[in-house]
Amino acid sequence: MSKLRRTVPFITPKDQGHVLLLDAAEMPLEAAEAPGLLDAVRRPIGLGPADSCLSADLVEQLVEAQYEACLEYIYGHPVWREFREGTAREALYAYLLESRHYLAAAPFRMASGITDALRPSKLVGLQAHHVVEEADHDVYFENGLAAMGSPRELVRQARPSPVTVEWIHLMRTVAALSPLAAAICSGLLESTAGDRDAVSGWHTMLVDSKQLAQDVVQAIYEHVETDLGLGHGSNWREAIRAAKVVPAEDLADWLNATTLVAEMIMRWVNSLASGLSGEVVTQLPNLELQSSPRTLGGEADGLPVWPAEVYDSFVHGPRSTNPLVRRSLALAYGFAGGVGDRTRSDSKTAAAMAGTLTASTARGWNGETTQADLEKLIESWMTAIDGHRLWQRLVEEPTLPLVHGWMVENYHYVAGIWQHTGAAVSACPDTAIRAELVKHLIEEFNHGKMFLRGIERARGSRYQGLSTDQMRPLPTTAAFVGTLRELGQRDWKAYVLALAFLQLTLSTAGKEIHSRHEGFYRALFDRLPESEPLVSAMRRHDAEDTKLGHGDDTRALLQLLCERHDISSDSIAGAALIPQLAWSFLDGILEHYRHGEAAVLQRVGWHVTQ
């Protein structure tokens with residue numbers, strides 16, 4: 001083990017399956033069940049005592065080694081080989097569009113790293129400089145798409161993929177930790193352009209293989225040249241040098257955050273290969289905008305809210321292989337019925353069918369703001385999670401690692417109550433509503449511990465040395481909790497609406513747990529009886545929330561909001577992002593923990609000793 005770089009393991013696609021990647025060593029997923037592997041994996045990633053500090057030289061070495069491992073993981077994805085072979089054209093188109101969306105959100109996702117500081121230090125200055133330099137880099141990919149015949153107003157109007165939205169919010173979440181955390185996490189992305197010859201060769205290959213025209217590639221390659229000219233690849237080194245020393249406990253968090261970024265990029269690459277973003281690009285030249293342009297960025301506007309199957313289809317591909325179904329679903333999600341075909345106006349076009357699908361299934365907002373109307377709207381958003389594939393898998397083909405992972409990620413979510421409700425409390429100027437939020441925080445204050453104790457008790461000696469609270473949350477979980485926190489900070493009214501959504505998922509009224517929850521638990525336990533002790537913490541949490549009357553409290557909070565304040569379309573749009581991120585939260589659990597024991601082991605992270 002001494003020859004291994006200091007890195008967490010990854011699960012990576014390989015030959016139609018997946019393997020466990022530890023540094024450069026690949027092993028079958030079944031190896032995770034070998035006695036002693038957990039101890040071996042943990043040994044090289046400890047950072048020593050929690051109260052120690054590490055020098056800039058050592059931190060730079062550790063970060064660089066983690067980057068190398070992360071990049072080996074990311075570039076091991078089969079799609080990069082398929083790009084070279086010219087067999088992934090639609091994924092390439094998706095890469096162009098979603099990269100444009102990600103870059104367009106640069107100020108939104110990066111600027112939080114410069115806000116929470118006592119003084120404008122050199123670290124803050126470095127991050128602020130990086131923000132303004134990256135602020136308009138979406139233009140390079142927009143130029144490339146325009147060279148392909150894509151109207152700019154449609155490119156800007158297209159809704160980012162759910163995974164691109166997740167990635168944006170993950171970066172916003174880690175940037176808010178500190179300027180140094182922002183620099184280290186963004187440094188992973190900037191370092192990908194460090195090998196100028198390899199990057200140049202990749203772009204040349206796209207032209208030589210006739211996958212993209214010269215003017216398209218030149219437009220996007222200008223982004224690489226600009227970043228190299230600005231020296232962005234060394235920003236993270238400058239930040240570490242400016243910090244001089246780094247507390248070990250902080251570095252453990254930031255290295256773990258870097259691994260989450262790598263995992264999110266892999267999830268993003270997966271979605272490029274399997275999803276419908278590329279389908280949007282192929283249709284753009286033949287479309288025209290027929291609705292008013294959206295005023296909010298797609299990373300902040302969750303309207304309309306779609307059923308889980310639509311999010312699933314856009315990210316993972318639809319069940320149907322019919323080309324018209326694919327095109328219709330792509331345009332429905334991408335433009336919510338707001339586009340038409342330039343050449344045809346009949347009802348059989350993909351744009352027309354997308355409009356019909358939007359009218360029948362998308363959950364928009366009619367402008368009403370009474371308590372009853374808002375409750376009805378929020379309850380309609382439940383379709384984003386009610387039909388998720390995770391629930392079907394848990395009752396039809398459950399495994400103990402999947403149930404375990406579901407509980408662990410819910411622990412991380414529930415434990416985040418301090419952060420996101422605390423953010424809303426600090427932002428809310430209405431004393432009555434603020435008191436209700438404080439009451440909610442008090443009632444939920446120890447529910448994270450309830451989950452932690454329940455999970456630890458149920459698994460006994462299993463996974464010794466990998467305690468639940470030290471397991472790295474999935475990037476989708478971190479993005480979900482982080483989005484709730486920043487929503488509380490920037491729009492407390494939107495947070496109240498989002499909180500109503502989260503609370504109303506449990507019960508409809510009164511003190512009785514909704515029958516669908518008990519029915520789900522019974523079906524799970526019938527199929528996998530050994531899961532019952534593990535899930536007991538979830539059932540206890542459901543019962544506690546119901547006993548406390550959170551459903552009725554939520555309705556009272558909505559009533560206060562409606563009686564005392566105007567509710568803007570921006571607040572509705574911001575709250576509507578939470579059902580989408582809740583879908584992502586569930587999807588991350590299913591996509592990761594379906595890999596069995598290796599998926600649980602893989603949540604090991606950088607750590608310190610107390």
With the side chain counted from C-beta on, respond yes when [X] and [Y] share a heavy-atom pair under 4.5 Å apart, and no when they do not.
{"X": "E142", "Y": "R156", "answer": "yes"}
{"X": "T173", "Y": "E486", "answer": "no"}
{"X": "V280", "Y": "S277", "answer": "no"}
{"X": "L374", "Y": "I572", "answer": "yes"}
{"X": "L331", "Y": "T358", "answer": "no"}
{"X": "W254", "Y": "L177", "answer": "yes"}

Lys NZ or Arg CZ of R172 over F108 ring: under 6.0 Å, within 45°: yes

Are R109 and Y102 in a cation-pi setup, meaning NZ or CZ lies under 6.0 angstrom from the ring centre and within 45 degrees of the ring axis?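 Checked: cation-pi criterion met.
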
Hey, is the main chain of [Y] close enough, under 3.5 Å, to the side chain of [X] for a donor-acceptor pair?
{"X": "R363", "Y": "W381", "answer": "no"}
{"X": "E263", "Y": "I11", "answer": "no"}
{"X": "D373", "Y": "T369", "answer": "no"}

List for me each residue that meets side-chain hydrogen bond (donor to acceptor under 3.5 Å, both in side chains) alongside R267, sequence neighbours excluded, and say none if there are none.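 For R267, the residues satisfying side-chain hydrogen bond (donor to acceptor under 3.5 Å, both in side chains) (neighbours in sequence not counted) are E166, D587.
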
Hey, mind stepping through H169 and T483 against side-chain hydrogen bond (donor to acceptor under 3.5 Å, both in side chains) and telling me if it holds? CA-CA 6 Å; H169 282 273; T483 303; 3.2 Å; yes

Any donor-acceptor pair under 3.5 Å linking the side-chain atoms of [Y] with those of [X]?
{"X": "H420", "Y": "Y495", "result": "yes"}
{"X": "Q559", "Y": "R564", "result": "no"}
{"X": "Q157", "Y": "E153", "result": "no"}
{"X": "E444", "Y": "H447", "result": "yes"}
{"X": "E409", "Y": "Y593", "result": "yes"}

Would you confirm whether the ring centroid of [Y] sits within less than 6.0 angstrom of the ring centroid of [X]?
{"X": "Y73", "Y": "F10", "answer": "yes"}
{"X": "H77", "Y": "W268", "answer": "no"}
{"X": "W406", "Y": "F520", "answer": "yes"}

Worked check of side-chain hydrogen bond (donor to acceptor under 3.5 Å, both in side chains) between E133 and H130: CA-CA 5 Å; E133 288 179 342; H130 197 184; 5.8 Å; no

Count the heavy atoms belonging to other residues, nucleotides or ligands that lie under 6.0 Å from CG of N366, then report whether that count exceeds 12.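 Yes, enclosed.
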
So does E591 have more than 12 non-hydrogen atoms from other groups sitting under 6.0 Å from CD? yes

